[in-house]
Amino acid sequence: GDSVTQMEGPVTLSEEAFLTINCTYTATGYPSLFWYVQYPGEGLQLLLKATKADDKGSNKGFEATYRKETTSFHLEKGSVQVSDSAVYFCALFSGSARQLTFGSGTQLTVLP
Amino acid sequence: KAGVTQTPRYLIKTRGQQVTLSCSPISGHRSVSWYQQTPGQGLQFLFEYFSETQRNKGNFPGRFSGRQFSNSRSEMNVSTLELGDSALYLCASSLEPESTDTQYFGPGTRLTVL
């Protein structure tokens, strides 16, 4: 079945540091890939998505590229801010499973 | 456009009781999915409804059920509550249940079972 493996956390960075959160997936067919972010006490917010190989999703300075050859969708940001502190979830949606499959989440804390 | 709304936001129940959670999707969205989030199991898919029909179901016992109304609003019901049902229940809506479509999530209902 489908699965998503996400970099274990927690991750602690200083403000303006470079961020990478690794995400790899296993799926049949051609899934769409997503990054969601969850702030304390809230639901999930879509951060970015990519629907086919080599697509790059981007939003609020975050980027991720759909790499079919390595089955990866790593999240990057060049300069993190304290306000980026949250839990980040990598997810895939495949037409065959017709549901989102999530990674375990990565807690990010950014210190001033 | 208003986002996905869920009511109530918080619930406290005791073992053996039943509970009903409500979800109103984004206007125009016809697909509603439900997920359970717990610290131990993470985010797990419960079920998905489209045009009042359950199209897909996750690996949960029959105590978990749901339905969708003609206006796309959805409810989920958990009967005979157990301590392990304590979780954040998230509802998500999308235009169509297609792989390229985005699911937008509500704020969740925090259920505590005592």
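In what follows, every chain begins at residue 1, and chains take the letters A, B, ... in the order their sequences are listed.
The environment of CD in A/Q81 is crowded: more than 12 heavy-atom neighbours from other residues, nucleotides or ligands sit within 6.0 Å. For CZ of B/R63, the number of neighbouring non-hydrogen atoms (other residues, nucleotides, ligands) closer than 6.0 Å is greater than 12.
Rounded to the nearest 0.5 angstrom, B/T102 OG1 and A/Y36 OH are separated by 6.0 Å. Taken from CD in B/Q41 to OG in A/S104, the straight-line distance is 12.0 Å, to the nearest 0.5 Å.
Taking the six-membered ring where the residue is Trp, the centroids of B/F45 and A/F102 are separated by 6.0 Å or more.
Heavy atoms closer than 4.5 Å to chain B are found in the backbone of A/E42, but not in its side chain. Interface remark: B/R9 contributes side-chain atoms only to the contact with chain A (heavy atom separation under 4.5 Å). Residue B/Q37 touches chain A through its side chain alone, counting heavy-atom pairs closer than 4.5 Å. For B/F47, no part lies near chain A; criterion is any non-hydrogen pair under 4.5 Å.
Between the side chain of B/Y104 and the backbone N or O of A/L46 there is no donor-acceptor pair closer than 3.5 Å.
Across B/Q103 and A/F93, no two heavy atoms sit closer than the pair NE2-CE1, 3.2 Å.
The side-chain heavy atoms of B/L88 and A/Q38, taken from C-beta on, include a pair separated by under 4.5 Å. In this structure, A/Q45 and B/F105 have side chains that are not in contact, with every pair of non-hydrogen atoms separated by 4.5 Å or more. B/R55 places a side-chain heavy atom less than 4.5 Å from the side chain of A/R98.
Interface check for chain B: of the options A/L33, A/T101, A/L100, the most heavy-atom pairs under 4.5 Å are formed by A/L100.
By the criterion of side-chain heavy atoms lying less than 4.5 angstrom apart, applied directly or through intervening Ile, Leu, Val, Met, Phe, Trp or Tyr residues, A/V87 is not grouped with A/W35; the two fall into different hydrophobic clusters.
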